[in-house]
Amino acid sequence: MLADYAVRVEESRGRRHPEPPHLYRNDFQRDRDRVVHARAFRRLEAKTQVFTRRYSDHFRNRLTHTIEVAQISRTIAAQLGLNSDLVEALALVHDLGHPPFGHSGEKALDTAMRQHGLAFDHNLHALRIVEDFELRYASFRGLNLTFEVREGIIKHSHDYNAKDHPELAEYLLDQRPPLEAQLIDLTDEIAYNTADLDDGFEARLLTVEQIADSVDLFARRYRDAKSLYPNAAEKMVFNEALKSIFDGLVGDLIKNTAQRVQAAGVHSLEDVRRHGERLAAFSPPVEEQRRRLKDFLYENLYYSPALAAEKEDAERITRELFAHWMEEPDDLPRSYREKAAQEPLPRIICDYIAGMTDPFIYQQYEKYCGT
Ligand code: MG
């Protein structure tokens, strides 16, 4: 049962290259499946989420993070009456443009590009992947995804302005994205804030006391869990606390978004698009808790001394490889050398590096910059 403000697949603005309908999958289901079968999707398995070199085989990588985002998004979409096929496609595609080494890789690539008056942005890169780099079909380049999925790739987390990005004009930059896309940025936050607490704790980079000292929400939930399970192992109490934080964030997002939609008098997709601000949101008190949790993770995990050396390594490797190929473009694979005829060399190198997995960039570094 779709809500009146949901995206309807039969009203999709369609694909760049028209295709006959499939016998039993609708266009958003096909898009979801195209993402799952993409090479770039498979490479997410070997890309860092937070921990540059895996501390452990059971920590999140970008693929398992993506699957967690899809799970949370489906749950919320069902409760809000949103189009869950579109939501699932958007969740599965949302991190497709991330380079190796997580945010360190992203930062290093962007810094290298800025020296040439260009920039790196993972959403724009994801669009290049699905529009151009994936080669699966005889009659067109890319995955030929529907407009709504491409729009969601661009608009789920960020508002691009038309003046700086004339190439994105077709994506209705003056309008809000559908709720299906708005949701993804927030489910992404729920997924990584809770997962990073979990992995950070398992890696022994965070302790219960340390988290409880800074994050009220955690302190309260941990106390509740402890009184319910006084004899349980610390990790089990931790898990119960985390589960309840997780549930609280998801429940608040569902409830508050539904209330905002109602209060705004929104009754169609057009209303969502024309509304002055995004409607998917946590309530103000939960938003404040989310922000504190995020700040805590930045200070104590992402910028922790324990991860600093790996981050510096990641940035250095990315920077040096980029510089190497700028000096020696003949060392690029032939398909990339050929592209350099149509696009600036830094862009070609950036595309090549951004597509790499962590193991592959290490291998390339050894090959070209190793001593
Ligand atoms: Mg993500």
Side-chain angles (χ1 to χ4, degrees), residues 31-32 35-36 38 40-52 54 59-77 84 86-110 120-130 145 149-160 177 179-200 242 245-246 249-250 253 278 280-282 287 290-291 293-298 301-302 307 311 314 354-358:
D31 282 3
R32 174 199 60 204
V35 170
V36 168
F41 186 76
R42 293 195 291 277
R43 290 197 303 264
L44 294 174
E45 193 259 339
K47 291 194 185 217
T48 290
Q49 178 68 17
V50 170
F51 295 94
T52 306
R54 290 206 213 165
F59 285 3
R60 275 80 175 175
N61 59 50
R62 220 163 259 287
L63 180 61
T64 61
H65 159 74
T66 293
I67 294 169
E68 291 181 358
V69 172
Q71 177 270 314
I72 304 166
S73 302
R74 272 196 312 266
T75 300
I76 298 174
S84 53
L86 175 59
V87 162
E88 197 174 9
L90 291 174
L92 292 171
V93 83
H94 91 281
D95 268 354
L96 207 67
H98 273 279
F101 299 144
H103 288 283
S104 314
E106 187 170 15
K107 190 175 138 201
L109 265 187
D110 189 53
F120 175 75
D121 173 300
H122 67 261
N123 291 333
L124 300 179
H125 186 69
L127 192 64
R128 289 166 71 77
I129 293 174
V130 304
L145 301 177
V149 174
R150 285 178 283 126
E151 180 198 21
I153 290 174
I154 289 302
K155 287 159 72 173
H156 72 273
S157 62
H158 186 83
D159 293 323
Y160 293 87
L179 279 163
E180 283 82 352
Q182 294 185 25
L183 198 60
I184 301 300
D185 193 39
L186 303 168
T187 53
D188 188 23
E189 288 247 359
I190 295 174
Y192 69 69
N193 284 330
T194 51
D196 294 347
L197 271 187
D198 190 27
D199 289 346
L242 200 59
I245 291 174
F246 197 128
L249 291 169
V250 170
L253 180 54
R278 291 179 181 234
F282 297 107
E287 172 60 22
R290 180 203 64 79
R291 201 186 50 73
L293 177 52
K294 189 170 178 159
D295 289 348
F296 170 82
L297 286 166
Y298 267 91
L301 186 64
Y302 310 144
L307 294 184
K311 287 175 59 153
M356 292 179 185
T357 60
D358 292 15

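For reference, positions follow the sequence shown, starting with 1. Indexing begins at 1, ligand by ligand and atom by atom, following the structure's order.
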Under 2.8 Å: N/O/S of His98 next to the Mg ion (ligand 1): no
Expected output: side-chain Lys107 to main-chain Gly102 donor-acceptor under 3.5 Å: no
Exam field: side chain His156 to backbone Gly152, donor-acceptor pair closer than 3.5 Å: yes
Atom of Asp188 nearest the Mg ion (ligand 1) (restricted to N/O/S, atom name only): OD1
Angle in degrees, rounded to 10°, that OD2 of Asp95 and NE2 of His94 form at the Mg ion (ligand 1): 90°
Aromatic contact, His125 with His98 (centres under 6.0 Å): no
Check: Phe120 main-chain N/O paired with Asp110 side-chain donor or acceptor under 3.5 Å: yes
